[in-house]
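Labels below follow one simple rule: chain letters A, B, ... track the order of the sequence lines, proteins then strands, and each chain is numbered from 1. As a basis for the values below, the full set of heavy atoms in this structure was taken, side chains included, without hydrogen atoms, waters or symmetry mates.
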Number of protein chains: 2
Amino acid sequence: MATVLVASNRGPVSYTLGEDGELDARRGGGGLVSGLSAIDSQDSLWVCAALGEGDREAVRRGVAEPGVRMLDIAPDVYADAYNGIANSVLWFLHHHLYDIPREPVFDAEFRRRWEAYRAYNRAFAEALAAEADEGAAVLVQDYHLSLVPWMLRELRPDLKIGHFTHTPWVSSEYLRMVPDDIVEELLWGMLGADELGFHTWGWASLFIGCCSQRDDATGMSQGVWPSGDPWYGVTYRRYGVGKGRTRVRAFPLGVDGEELRALAYRPEVDERVALLREEVGDRRTIVRVDRTELSKNILRGLLAYRELLTVHPEWRDRVVHLASAYPSRQDLESYRAYTASVAELAEEINAEFGTPEWTPVLVSVEDDFTRSLAAYRIADVALVNPVRDGMNLVAKEIPVVSEEGCALVLSTGAGAHRELGQDAITVNPFDVSQTAEALHTALSMPAAERADRTKRLAAAATALPPQRWFLDQLEALRGS
Amino acid sequence: MATVLVASNRGPVSYTLGEDGELDARRGGGGLVSGLSAIDSQDSLWVCAALGEGDREAVRRGVAEPGVRMLDIAPDVYADAYNGIANSVLWFLHHHLYDIPREPVFDAEFRRRWEAYRAYNRAFAEALAAEADEGAAVLVQDYHLSLVPWMLRELRPDLKIGHFTHTPWVSSEYLRMVPDDIVEELLWGMLGADELGFHTWGWASLFIGCCSQRDDATGMSQGVWPSGDPWYGVTYRRYGVGKGRTRVRAFPLGVDGEELRALAYRPEVDERVALLREEVGDRRTIVRVDRTELSKNILRGLLAYRELLTVHPEWRDRVVHLASAYPSRQDLESYRAYTASVAELAEEINAEFGTPEWTPVLVSVEDDFTRSLAAYRIADVALVNPVRDGMNLVAKEIPVVSEEGCALVLSTGAGAHRELGQDAITVNPFDVSQTAEALHTALSMPAAERADRTKRLAAAATALPPQRWFLDQLEALRGS
């Protein structure tokens, strides 16, 4: 039995089955792993899904890392819930990514997949209910597990339930596309929590807006924390349940500056830096690092770079765009097409402007953190221009790691813009001309100003490192 | 000099140049032609663009129908304004149609096209300024001419300027993608009018919302007409111009019942009815008539029909879906792809369910009003499911013309839903399962109920026929 539980689709460990039949465990990283390390692991449990065949084999053999419980959800249920709903519907909703004339389609097939999503959420709720100590705190993560809070509340009214959304939240206008009963289930699923966390107040208030536009069963409430900070939330009156209240708050996840700098200045990164410098020569660098994710806006980033080279030809042969854009979700057709378009456009730009000595864009499709860190270090300009992004940690990582200071071109669509906007060069992610001008301004920024801004950006980026972020939520939850 | 002027992209007449060098004039139809016929044509002038080579030749030869002035705008300017901005940007904005990961792109090329849009609007404003009598009323039409009101106000402050939007209006959230200076120009362009008309209060209030979220130079105002009706509007204070006020109102265009019925019961339509009945046999009919326009939602309509045949197999071989979907805007790639997808999906459905005796879907790609009227007459069910549509006159025409009463399945996205919703079967246009059920309900509706509802639908549809619609606006404008 545990007093602090975390639930997320992906856990802190994954198993691979070797040819010799041995299971090999590999621990992952990320904000949550780092955050949970802040508390005594004897009292904590992380509930996650078995993702691959190795994980499933570990469950069957009863192999488990201490403090981790993997759920072996039937592969077809898992695929329908994870790909069919979480990544194809909820992700698209929260990021406003649909090609409206064609998608979304809420048909019988969607209903079948929604059943799977419900079953997958129920498996988590039941595992958490079985493992939690009386009055324990449960921190449920992200859009994969939107229905868990209410399911868990019904099973275990004694628990303190929190939920954190790592993505943006959908606007009430965009959510209107979704069938009413599904919207109800989604919002009530979330409202089962005592505390809902978002990266920014913007996303939090969109959630409140979705609830308050539903019917007279929900309304907005506000109050004051013991600390004196105001809180906002949703009060509700639900048939057969009575009154309740869910508090809503922003916990803007930052980076652990010390840890990140230590990682970025290891010898193997030094080697990559040397290799990159050789490729780049004495030219300036514009760096971006993303999955080829529809929301990351890589295409318009490349278009802006092309416009920069057209409108400001003085930068030709004096700048290289290092674009890490490693493939993601290639099981979805729209992602495959997007990945192909990125490669195509980069080639077009190289064909239009390149010379035997100069390749204007270097696209890297490897998911290689060492190379990313090396690119961070030599970045003169960081380009972070998502159309909509919960936080975007790259915008926070680059200023922390950059060797000589780096000018940040940052989209208003990134959650990070709320904290970093003042020292970044702000762009509307749809405005390619403005982005091209911002790149020019960034490349032209005097070194002293760049260094000053970078210092302030790094300070803002490290204001709420993962451990603090996690403990703050836990504290809020326990005090709720 | 004229006392009433209308301005629209497409005029009431078009010319073709014969092989013998003769110009052949052809008068068109539509609500505006019908509306303008209500006033004395000696005092009125219609300003429109020369669309094709025939029109341009007419301008060059000084040939003109009385009461019509065609503007010979340079073909490249016209193409950039009409295709490049009006249909590729403003239409997509007002209908929320963009595939966000890829479009819109506001780059140097967009700016070049915007200049053309401005020049095209200016040509209209100058022609209107030159032709209008002191204090004349000018009724500017639609999203092609959004900038005309302010341009005209600057040239001729004495005029009464109205503007009517035949499309929906974009939400303030969606408009945020557009560069600020363009938004300013668009909204100020419209605010040059004394009166702005929309098909529904919903679209009108979205316009007001866009203005009131801009800055403290604009705000919402309201008052009462001499008739006692309330009005709403936007008050503004503009640098160098002073204070002003634009009233905003809904004028929901309807159909002229008598004229439409006369058209629909001509002998040539009788012949088409007989032919269609032969094809359909004694089966029920589901009728839709649209351009293959991204906003019309033809694909999800076909998906709903497929789900109907799957979930309610009792309708197999007992219903035929007559889908008129004539190609539109085939110069745009997204429209070509959409048209191809419609044909493909219809074929798939016919392959899956069809028998030697029964073709489940009959797609007609001819823009043939006679056939459409024949389909209207024999419709048992009308399917009107746009994702977003200013009004949708098909939803109003079918109940007026239908021989034995027809059940209307109508999307909340259509402006017409505000007036017809009560007697229609309402659907969320994205909810294919709900639409399939609505089709089942519509097909199963008892004849008496169907006839009753159709009567009420026809009454609502003819409440504001074109002449009245036009005169109401003229009256409001003169009284402003």
Side-chain angles (χ1 to χ4, degrees), chain A residues 92 95-112 171-174 176-183 206 292-300 303-304 306-308 310-311 334-335 337-338 341-342 386-388 412-413 427-437, chain B residues 92 95-112 171-174 176-183 206 292-300 303-304 306-308 310-311 334-335 337-338 341-342 386-388 412-413 427-437:
Chain A
F92 275 67
H95 290 85
H96 293 194
L97 289 176
Y98 279 121
D99 181 13
I100 298 298
R102 295 168 180 271
E103 294 277 336
V105 166
F106 298 105
D107 58 1
E109 170 58 19
F110 162 79
R111 294 275 166 181
R112 201 184 56 68
S171 76
S172 60
E173 176 181 302
Y174 206 80
R176 242 180 270 156
M177 291 190 292
V178 178
D180 256 3
D181 61 315
I182 301 292
V183 172
L206 286 181
T292 48
E293 158 55 50
L294 301 181
S295 62
K296 298 294 184 185
N297 209 19
I298 304 171
L299 286 176
R300 289 189 191 85
L303 291 174
R306 182 166 74 182
E307 194 162 315
L308 171 79
T310 306
V311 176
S334 53
Y335 280 70
Y338 191 76
S341 297
V342 167
V387 293
R388 198 175 172 93
T412 52
V427 293
N428 165 350
F430 302 95
D431 193 339
V432 163
S433 295
Q434 187 192 36
T435 307
E437 271 315 298
Chain B
F92 276 68
H95 290 85
H96 292 196
L97 290 176
Y98 279 121
D99 181 13
I100 297 299
R102 295 169 179 270
E103 295 277 335
V105 165
F106 298 104
D107 58 0
E109 169 59 19
F110 162 79
R111 295 274 166 183
R112 201 185 55 69
S171 77
S172 60
E173 178 180 301
Y174 205 81
R176 240 180 272 155
M177 292 189 291
V178 179
D180 257 1
D181 60 316
I182 301 291
V183 172
L206 286 179
T292 48
E293 158 54 51
L294 302 180
S295 63
K296 298 293 184 184
N297 209 19
I298 304 171
L299 286 176
R300 290 190 190 85
L303 292 173
R306 181 164 76 183
E307 194 161 313
L308 170 79
T310 306
V311 176
S334 53
Y335 281 69
Y338 192 76
S341 297
V342 166
V387 293
R388 197 176 173 92
T412 52
V427 294
N428 165 350
F430 303 95
D431 192 339
V432 163
S433 295
Q434 187 193 35
T435 307
E437 273 314 299

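A pairwise comparison of heavy atoms in Glu307(B) and Asp107(A) identifies OE1-CB, 3.2 Å as the closest pair. Here the closest non-hydrogen pair linking Ala108(B) and Ser433(A) is N-OG, 3.1 Å.
Comparing Arg388(B), His95(B), Glu109(B), Glu103(B) by how many heavy-atom pairs each has under 4.5 Å with chain A, the most go to Glu103(B). For the set Thr412(A), Leu299(A), Asn297(A), Val105(A), the count of heavy-atom pairs under 4.5 angstrom toward chain B peaks at Val105(A).
Between Ile100(A) and His96(B), the closest side-chain pair of non-hydrogen atoms is not below 4.5 Å. Side-chain contact between Phe106(A) and Val432(B) is absent, with no heavy atoms from C-beta onward closer than 4.5 Å. You'll find the side chain of Arg300(A) reaches within 4.5 Å of the side chain of Pro104(B), heavy atoms only.
With a 4.5 angstrom heavy-atom cutoff, Tyr338(A) touches chain B via backbone and side-chain atoms both. For chain B, the nearby part of Val178(A) is the backbone; its heavy atoms alone come within less than 4.5 Å. Only the side chain of Asn428(A) comes within less than 4.5 Å of a heavy atom in chain B; its backbone stays farther off. Both the backbone and the side chain of Leu97(B) come within less than 4.5 Å of a heavy atom of chain A. Using a 4.5 Å cut-off between heavy atoms, Leu303(A) contacts chain B through its side chain alone, with no backbone atom that close.
For the 3.5 Å distance criterion, the side chains of Ser341(A) and Arg102(B) qualify, holding a donor opposite an acceptor.
Asp181(B) CG to Asp431(A) CG: the interatomic distance, rounded to the nearest 0.5 Å, is 8.0 Å. Tyr98(A) contributes atom OH, which lies 10.5 Å from atom CZ of Phe430(B) (distance to the nearest 0.5 angstrom).
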